[in-house]
Amino acid sequence: MRIIRYDDAGTVRWGVLDPDGTVRAAQGDPFTELVPGAVEGDVENLRLRAPVTPSKIVCVGRNYADHAAEFGNPVPKEPLIFLKPPSSIVGPGDEVVYPSLSGRLDPEAELVVVIGRAGRRVAAEDAMSLVFGYTIGNDVTARDIQKSDPQWTRGKGFDTFCPLGPWVDTDFDPSDVRVTCTVSGEVRQDGRTRDFIFDIPTLIAYVSAFSTLEPGDVIMTGTPPGVRPVQAGDTMTIAVEGLGELSNPVVAEAP
């Protein structure tokens, strides 16, 4: 099942995306019970929003060895965790603002795990029972600010720095899929999830050891090599094989 959130005359609603591209309006909550109803229209004619509203966005740094190497960083011995604020979330097609405080803006293509039920101190062998589904994310980063600050919060946390979407797929197999970032038609990042340093069960167990994971929370699993900066006017497209594409234009911050 693919689940979306979409704009309906100013109200954001849940919907279920059928294989033919039609959307059925849905009642309820996907983390308890979601009941599909009447056909709302074709997905291409609807304004999609970020498909989840997490209480926290947990991110994993340097989860591909080649990405660590391209910035001269060692491969971490345990997951390198940081957070992005929920205020950084935007949806498919929404603008990503290039902040005037930064001189280098990088997209980072990521597979995103969506949590379906609460869990704390979950063992790796039980971790997948917490997974509701998967979506696509872009860990937009003000690289110069990330490097200048002792903590990554500011460089990773600007408003619009976390595009998510276009939907959550509850039947997706993430074990070995291609993850790419294309900027204005040029493929830059290109990797496969089989190259994760830390797999998804390990990440869930590690995070839940210190923080309760709640329904709707997301874990961004890390980005493959090939990171390069974008400019205002570019369009970033993050694709995960078999899951879909997430595109967002880059715009300069208004004076």
If Ile, Leu, Val, Met, Phe, Trp and Tyr residues are connected whenever their side-chain heavy atoms lie under 4.5 Å apart, and connections chain through other members, are [X] and [Y] in the same group?
X: Ile136; Y: Tyr64; answer: yes
X: Val114; Y: Leu111; answer: no
X: Val131; Y: Leu243; answer: yes
X: Tyr134; Y: Leu164; answer: no
X: Leu130; Y: Phe196; answer: yes

Is the side chain of [X] donor-acceptor paired with the backbone N or O of [Y] at a distance under 3.5 Å, no angle test?
X: Asp217; Y: Ser55; value: yes
X: Thr170; Y: Met1; value: yes
X: Arg188; Y: Pro229; value: yes
X: Ser208; Y: Val122; value: yes

What residues, two or more places apart in sequence or in another chain, satisfy side-chain contact (heavy atoms from CB on, under 4.5 Å) together with Pro92? Leu48, Pro166, Leu246
Can you check side chain to side chain contact (heavy atoms under 4.5 Å, CB included) on Asp29 and Leu34, steps first, answer last? CA-CA 5 Å; Asp29 185 311; Leu34 195 69; 5.8 Å; no
Full working for side chain to side chain donor-acceptor pair (under 3.5 Å) between Arg117 and Ser129: CA-CA 8 Å; Arg117 68 177 183 86; Ser129 67; 2.8 Å; yes
Would you say CD of Glu44 has more than 12 non-hydrogen atoms from neighbouring residues, nucleotides or ligands within 6.0 angstrom? no
In terms of heavy-atom contacts, does CD of Glu241 have more than 12 from other residues, nucleotides or ligands at under 6.0 Å? yes
Within a strict 4.5 Å, meaning less than it, do heavy atoms of the [X] and [Y] side chains meet?
X: Leu83; Y: Pro85; value: no
X: Arg192; Y: Pro224; value: no
X: Phe172; Y: Val177; value: yes
X: Ile3; Y: Trp14; value: yes
X: Val75; Y: Ile197; value: yes
X: Val227; Y: Gln189; value: yes
X: Ile4; Y: Pro51; value: no
X: Leu203; Y: Val60; value: yes

Walk me through whether Ser184 and Asp234 qualify under side chain to side chain donor-acceptor pair (under 3.5 Å). CA-CA 6 Å; Ser184 299; Asp234 285 336; 3.3 Å; yes
Are Arg47 and Asp94 within salt-bridge range, i.e. N to O under 4.0 Å? yes
Test: Asp144 and Arg104 ion pair at under 4.0 Å: no
Return the minimal non-hydrogen interatomic distance between [X] and [Y], and the atom names on each side.
X: Glu110; Y: Asp139; answer: OE2-CB, 3.3 Å
X: Arg120; Y: Ala209; answer: NH2-O, 3.4 Å
X: Phe71; Y: Lys147; answer: CD2-NZ, 4.1 Å
X: Met220; Y: Ile57; answer: SD-CG2, 3.8 Å
X: Pro86; Y: Pro54; answer: CG-O, 3.7 Å
X: Ser247; Y: Thr235; answer: CB-CG2, 4.3 Å

Side chain to side chain contact (heavy atoms under 4.5 Å, CB included) evaluation trace for Glu214 with Lys56: CA-CA 9 Å; Glu214 304 284 356; Lys56 50 189 167 292; 3.9 Å; yes
Only one of Glu70, Glu108, Glu186 forms a salt bridge (charged side-chain N to carboxylate O under 4.0 Å, His left out) with Arg228, so which one is it? Glu186
Under a 3.5 Å threshold, yes or no: a donor from one side chain and an acceptor from the other, between Glu253 and Ser100? yes
Does the side chain of Arg5 pick up a donor-acceptor pair with the side chain of Thr53 at under 3.5 Å? no
Asp199 vs Thr202, side chain to side chain donor-acceptor pair (under 3.5 Å): CA-CA, chis, key distance, verdict: CA-CA 5 Å; Asp199 63 16; Thr202 299; 2.7 Å; yes
Side chain to side chain contact (heavy atoms under 4.5 Å, CB included) for Leu213 and Val207? Distances and angles first, verdict last. CA-CA 8 Å; Leu213 290 168; Val207 173; 3.8 Å; yes
Could you check Val97 against Asp159 for side chain to side chain contact (heavy atoms under 4.5 Å, CB included), going step by step and ending with a plain yes or no? CA-CA 8 Å; Val97 177; Asp159 291 352; over 6 Å; no
What is the ring orientation for Phe158 with Phe161, classed by angle as parallel under 30°, tilted 30 to 60°, or perpendicular over 60°? tilted
The test is side chain to side chain donor-acceptor pair (under 3.5 Å); show your working for Asp106 and Thr141 and say whether it passes. CA-CA 5 Å; Asp106 291 355; Thr141 303; over 6 Å; no
Quick one: are the ring centres of Phe31 and Phe132 less than 6.0 Å apart? yes
